[in-house]
Protein chains: 2
Amino acid sequence: MNALTPLSEATALPLTCAGLLPFDHPLFAGLPLSDIAEIASVMSCYRFKDDALIAADDVPLVGIILAGAVARIAKQWDQVSTVGLLLPNDLLILEGPRTAAIHPEAVGLTEILGCSAPEFDALLRRFPKLQLNYLDLVASELQATREWYTLLGRKTAPERVATLILKLSRHSDHPDSPVIDLRLTRDRIGTLLGLKMETVSRQIRAFAKLGIIALFSPTKIEVLDHGALMHATGDVWREKTML
Amino acid sequence: MNALTPLSEATALPLTCAGLLPFDHPLFAGLPLSDIAEIASVMSCYRFKDDALIAADDVPLVGIILAGAVARIAKQWDQVSTVGLLLPNDLLILEGPRTAAIHPEAVGLTEILGCSAPEFDALLRRFPKLQLNYLDLVASELQATREWYTLLGRKTAPERVATLILKLSRHSDHPDSPVIDLRLTRDRIGTLLGLKMETVSRQIRAFAKLGIIALFSPTKIEVLDHGALMHATGDVWREKTML
DNA sequence: CGTACGGTTGAGCTCACTCAATAAGGGTGG
DNA sequence: CCACCCTTATTGAGTGAGCTCAACCGTACG
């Protein structure tokens, strides 16, 4: 299990996924196309299957998540807990010198456009503008993280669950379909939100009972009443932001 | 109240505080002394009194905290809550484009070596090495923030209080004296840790009753049994890090 | 057909919150 | 110096959200 599964020797991938290469990603803002092409030539499109540990040849991977999701897993003693969730378009970033015991793990079939940490470091040194963009993104991430956890620390169980569902619904893989796939087990949602599996289950069922969401299967849901869900997050007063 | 109080027109301050200029701060790592001097010439030593809103001419301030502490205050609706605490040697950083409703506020008499955000931005563009250092620091901060809040979200009230006391004891202004000054009211500690004032009071008194700490006044304490306090944080299994 | 794993549901308990009353400082003005 | 006020801290009693423990269901898979 947890086998490393980068897309088989597909270094030529930049061409393959050029069609979906996010030129408009903030990471590339203000860079001339020629530079982007050069950067992209260093990056590859990695594909991971469910639960795969995300790394390139045992080296940390830096990159943009194209599809799927990445869970940040902390293993302490014998219990694992999910301490963060990265969604498409998010940046999988380097986290300073200390690696700590936190590892990224794929949730569902996941594609990442990226390169190894040392390679990325070289890119940063070569393209100052890229470095500035990266800095901005890391800073934004820092702020988002602070908001996320700060609010989580103060939210009730239903508020936390509502917040997560809303977040996931906004990052749905299929914006055309109203049905979204949580992709996470109750237990994983629990560790992510600091709740117990049973509590998560109860909250989700309660929302379903209230008609706020529809439950097709444990992980397939549809948001029926966005307003009510929004209200349930307890964030009504701030309306916007909150990713 | 909350009046802006930079050290009166003291732009010449770099010389004044040169003695305590943290040349060894990671922000300046690897920079030639000449560059550091040049950077320092742009920075000034700001001094804020208790509860002062930290800013330079209404512009966000970036810099290194030399003494005192900075609370990150979020004002939402009519209630304020402390969502973070920065201690000496910490970096007061820019947090991406969005400013959000979070403002830094001085806790006690606080000194900051820094400059306005635009000025700092210019410095970053001028000294690539400074930019790399800053990036590393922001990334580290991100990781530390994630750990901090992640753990907070899962900790019990006594664990949270123990964690804060330990953190404060490690950043004591007077390493010679065993007595540390919390500088924060019970209410502020409460908003910082996601607890109620009464709960904070109860936990602190409980630690005192157990002989783990000594209480000289509500804010002046001494850690008598570091081991027990460490154990009370619930972090025994990871021993180190945890700032 | 049985086993396993994820999900659901119920009963009881605990910890932190709420409400409320009381103390302890710390200034300020007489 | 003392009386007073205002903020902060302490302490108690009762409540409730979320946890624990435990049983049960449903689907996938060998």
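Reminder, nothing fancy here: chain letters follow the sequence lines and each chain counts from 1.
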Please report the distance, rounded to the nearest Å, between NZ in A/Lys155 and P in D/dA17. 18 Å

Quick note, A/Arg186 side chain, CB onward, closest among C/dC17, D/dC19, C/dG7 is C/dG7

I'd like to know if B/Arg202 reaches the base of D/dG12 with its side chain, counting only an N/O donor and acceptor under 3.5 Å. yes

Heavy-atom side-chain contact between B/Ile204 and B/Val200 under 4.5 Å: yes

Go through it in stages, so that I can follow the logic: the residues are B/Asp51 and B/Glu105, the test is side-chain contact (heavy atoms from CB on, under 4.5 Å), and I'd like the CA-CA distance, side-chain angles, deciding distance and then a yes or no. CA-CA 6 Å; B/Asp51 289 334; B/Glu105 202 178 288; 3.6 Å; yes

Between the base of C/dC15 and the side chain of B/Gln203, is there any donor-acceptor pair under 3.5 Å? no

Distance, rounded to the nearest Å, where A/Ile189 contributes CD1 and C/dG7 contributes P: 8 Å

In the structure I gave you, are the side-chain heavy atoms of A/Val223 and A/Arg170 within less than 4.5 Å of one another anywhere? no

Out of C/dC17, C/dA16, D/dA9, minimum distance to the side chain of B/Lys196 belongs to C/dC17

Pairwise side-chain contact, A/Leu224 with A/Ile213, heavy-atom cut-off 4.5 Å (strictly under): no

What is the distance, to the nearest angstrom, from the CZ atom on A/Arg183 to the C1' atom on C/dG6? 18 Å

Exercise: identify the closest heavy-atom pair between B/Arg183 and B/Ala69: NH2-CB, 3.5 Å

Gap between atoms CG and C1', on B/Asp51 and D/dT8 respectively (whole Å): 14 Å

B/Lys155 side chain reached by B/Thr233 side chain, heavy atoms, under 4.5 Å: yes

Heavy-atom distance under 4.5 Å between the side chains of B/Leu184 and B/Thr82, does that happen here? no

Atom pair distance, as rounded to whole Å: CD in A/Glu198 and C1' in D/dT20: 8 Å

Output the rounded distance in Å from CG (B/Asp187) to P (D/dT7). 13 Å

As a test of reading the structure: which of C/dG7, D/dA22, D/dA9 is closest to the side chain of B/Met197, going by heavy atoms? D/dA9

Under 4.0 Å between any heavy atoms, over every strand shown, what does A/Thr156 touch: base, sugar-phosphate, or nothing? Just pick one. sugar-phosphate

Nearest to the side chain of A/Arg205 - D/dG18, C/dT9, D/dT10? C/dT9

Mind checking A/Gly190 for me? I need base, sugar-phosphate or nothing, with any heavy atom below 4.0 Å counting as a touch. nothing

Between P on C/dC5 and CG on A/Asp50, what's the gap in Å once rounded to a whole number? 16 Å

Nearest to the side chain of A/Thr199, heavy atoms from C-beta on, is which of D/dC19, C/dC17, C/dG7? D/dC19

Give the angle between the helix axes at the two ends of the helix from C/dC1-D/dG30 to C/dG30-D/dC1, taking five base pairs at each end and rounding to 10°. 30°

Can you check whether B/Ile64 reaches B/Met43 side chain to side chain, under 4.5 Å on heavy atoms? no

Among D/dA9, C/dC17, C/dG7, the nucleotide that comes nearest once only the side chain of B/Thr185 is considered: D/dA9

Expressed in angstrom and rounded to an integer, what is the separation of B/Leu215 atom CG from C/dG25 atom C1'? 15 Å

